[in-house]
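Have a look at the structure below, then the notes.
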Amino acid sequence: MTAPVSGSYEPYDLAVIGAGSAGIAGAVTAFGLGLTVALLDASPQIGGQFYRHPAPALGAVRPEALHHDWSAFSDLRRRLAASDVTHLAGHHVWSVMKEGDGSWAVHAVTGADGTDERPARVRARAVLLATGAYERQLPFPGWTLPGVVGAGGAQAMLKSGLVLPGKRIVVAGSGPLLLAVASSLAAAGARVPAVVEASGYLRYARSPRALVTNPWKAAEALVHGAALLRHRVRLRPRSAVTEVHGTDRVEAVTVTRLDHDWRPVRGTGRRITCDALAVGHGLAPQIELATTLGCATHPLADGTVALALDGLQETSVRGLWAAGETGGVGGAELARTEGELAGIAAAARLLGRRTGDGRVRPLQRRRDRMRAFADVMAAAHAPGPGWPDWLADDTEVCRCEEVTAGRIREAVADLGARDARTVKLLTRAGMGWCQGRMCAAAVACLAARDRAAEPTDARRPFAVPVPLSALAALGESPETER
């Protein structure tokens, strides 16, 4: 059930934030066990980043052609449509607050870009965070040229808009997402001259148990590998795009071999002609709503930070559950499993029952098996300490505030900065519109110099940009809509 946009919605048993695989699975599971559920998401359509699909107006005949495991999403969509879960589309959640009576207030701005005049508030007895992840970027000379897009962004353009960022696209960075992006771009008609992977794939072999217990992951890799062979896409491991060339937009890239610390090997640079570059260095859990509430976190092997969760997906804050990429990036199947587990746990708590559902133990075993593989994946594609050697002093690191690598190095070497926060105060790196989401990882590495970079664990009072009118509305008492 889709609700109108505006005002105050109350009361619900469970508010689920995020309508991707984890969120939908949690919502329909909790509803099936007797809870009233609100499902909030910024997008006008369900599916999250993984199951992005074209708007009906585009008339796509086979949207499933660009997706892996579309049948699982079709099942979730069918279950959601058959339920009385209230789907609040176009709701950009900026804060979650604990009320004096122990309930939660979920505050959102509304509309396609969050600029509609009336903000919204959803009250609930419990909250499930399924906010997913965002793409991590490491800067390099020329990365701000038009034609450079995120690897996930390129896939999103194709899945939701049926458009390509260029005709000849190099795919680069690190992580298994690159193979999926390259194969989908090539299948859609783009020429992909190379997939440039900064890591190798041999580290997976060091964890044979995780591979044996997750055979479908190897099958996915074989499917993507076969697609790359079919489209004659060259895979270049242990390499990186270290420079982008062009004036008004991308014209070519330089691909350089890397040593085991991700330092460029002198004399190995090769130029590849292209008109677009899709680049990304993995995904970072989107946990701002949780960290603002004081939820415990833990560092992952790839340098990102995830929420610390118990065996039933509850955070360290009672009544607040999380599922999917918030606990570490692991894919859509893991997200569905954790969402279902969280839905069962939340229903048991709110209905005063023991968590004796016969599905719990099998779900936990499946989750633990897939989480073990996710840990191996994070370690295999963790950025090496030598990647800052890609950067010239005039390379912009913080694009919002136009802060260069040279200014950050000066803050560290001459002004005594030893962490990202101090660099931010001295240079404004991370103070722009994205609030460090694009540059925080890079700034932390540059600030650390020869030391290991501390994982960034930013706490922001607002998870998305909020107009002053939304803050002013907090003191008002809007009429209840249900």
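Residues: numbered from 1 along the sequence shown.
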- salt bridge (Lys or Arg N to Asp or Glu O under 4.0 Å) pairs touching residues 133-150, sequence neighbours excluded, are none
- Task: Calculate, to the nearest 0.5 Å, the distance between atoms CD1 and CG belonging to Ile46 and Leu80 respectively.
- Result: 5.0 Å
- How about Lys424 and Val443: do any of their side-chain heavy atoms sit closer than 4.5 Å? no
- With a 4.5 Å heavy-atom cut-off, do Val412 and Arg418 have their side chains touching? yes
- With a cut-off of 6.0 Å (strictly less than), are more than 12 heavy atoms of other residues, nucleotides or ligands near CG of Leu202? no
- Report the C-alpha distance between Val253 and Cys274 in whole Å, list the side-chain angles of each, state the deciding distance to 0.1 Å, and finish with yes or no for side chain to side chain contact (heavy atoms under 4.5 Å, CB included). CA-CA 7 Å; Val253 298; Cys274 59; 3.8 Å; yes
- Item | Minimum-distance pair of heavy atoms, taken over all atoms of Arg238 and Gly200 | NE-N, 3.8 Å
- Arg203 side chain to Ala379 main-chain N or O, any donor-acceptor pair under 3.5 Å? yes
- Message: Donor-acceptor check, side chain of Arg409 to backbone of Leu446, threshold 3.5 angstrom: yes or no?
- Response: no
- Query: Does Thr395 reach the main-chain N or O of Ala392 with its side chain, forming a donor-acceptor pair under 3.5 Å?
  - Reply: yes
- Message: Looking at Arg234, I want to see if its CZ is surrounded by more than 12 non-hydrogen atoms of other residues, nucleotides or ligands under 6.0 Å.
- Response: no
- Between the NZ atom in Lys159 and the OG atom in Ser184, the distance rounded to the nearest 0.5 Å is 7.0 Å
Taking only distance into account, with no hydrogens and no angle test, what donor-acceptor pairs under 3.5 Å do side-chain atoms of residues 166-175 form with protein atoms, sequence neighbours excluded?
unit_1 : atom_1 : unit_2 : atom_2 : d
Arg168 : NE     : Thr273 : O      : 2.5
Ser174 : OG     : Glu197 : OE2    : 2.7
Ser174 : OG     : Ser199 : OG     : 3.3
Ser174 : OG     : His381 : ND1    : 3.3

- Task: Might you point out which heavy atoms bring Thr256 and Val265 nearest each other, and give the distance in Å?
- Result: CG2-O, 3.7 Å
- Taking all non-hydrogen atoms of both residues, which atom of Leu307 and which atom of Cys295 are closest, and how far apart? CD2-CB, 4.2 Å
- Please round to the nearest 0.5 Å and tell me the distance separating atom NZ of Lys217 and atom CE of Met377. 6.0 Å
- Looking at side-chain heavy atoms only, is the closest gap between Arg437 and Glu288 below 4.5 Å? yes
- Message: To the nearest 0.5 Å, what is the distance between OG on Ser183 and NE2 on His231?
- Response: 8.0 Å
- Message: Applying salt bridge (charged side-chain N to carboxylate O under 4.0 Å, His left out), can you list everything that pairs with Arg407, at least two apart in sequence or on another chain?
- Response: none
- Note on the structure: Shortest non-hydrogen pair, Trp262 vs Ala382, comes out as CZ2-O, 3.6 Å
- Note on the structure: All heavy atoms of Leu300 vs all of Ala306, minimum pair found to be CD1-CB, 3.8 Å
- With a 4.5 Å heavy-atom cut-off, do Glu338 and Arg371 have their side chains touching? yes
- Message: Main chain of Asp261, side chain of Asp259: is a donor-acceptor contact present, judged purely on distance under 3.5 Å?
- Response: yes
- Query: Between Glu396 and Thr404, is there a donor-acceptor pair closer than 3.5 Å when you use the side chain of the first and the backbone of the second?
  - Reply: no
- Message: Please determine whether side chain to side chain contact (heavy atoms under 4.5 Å, CB included) holds for the pair Asn214 and Trp216, giving the CA-CA distance in whole Å, both sets of side-chain angles, and the decisive distance to 0.1 Å.
- Response: CA-CA 6 Å; Asn214 294 275; Trp216 58 90; 3.3 Å; yes
- So which heavy atom on Arg336 is nearest to which on Leu76, and how close? CD-CD1, 3.7 Å
- Asp248 CG: over 12 foreign heavy atoms closer than 6.0 Å: no
- Item | Test item: Thr131 and Ile287 side chains (from C-beta on) under 4.5 Å apart, heavy atoms | no
- Message: With rounding to the nearest 0.5 angstrom, report the CD to CH2 distance, Gln137 to Trp143.
- Response: 6.5 Å
- Starting at SG of Cys439, measure out to CD1 of Ile408 and round the result to the nearest 0.5 Å. 7.0 Å
- Distance-only, no hydrogens or angles: does the Ser239 side chain make a donor-acceptor pair with backbone N or O of Pro237 under 3.5 Å? yes
- Query: When you look at Arg421 and Asp419, which way does the salt bridge (Lys or Arg N to Asp or Glu O under 4.0 Å) test go after all the steps?
  - Reply: CA-CA 6 Å; Arg421 177 175 174 79; Asp419 55 40; over 6 Å; no
- Ile24 and Arg77: side chain to side chain contact (heavy atoms under 4.5 Å, CB included), yes or no, with the steps? CA-CA 8 Å; Ile24 301 174; Arg77 183 169 57 179; over 6 Å; no
- Task: Might you work through the side chain to side chain contact (heavy atoms under 4.5 Å, CB included) test for Phe462 and Leu471, ending with a clear yes or no?
- Result: CA-CA 11 Å; Phe462 307 140; Leu471 300 181; 3.9 Å; yes
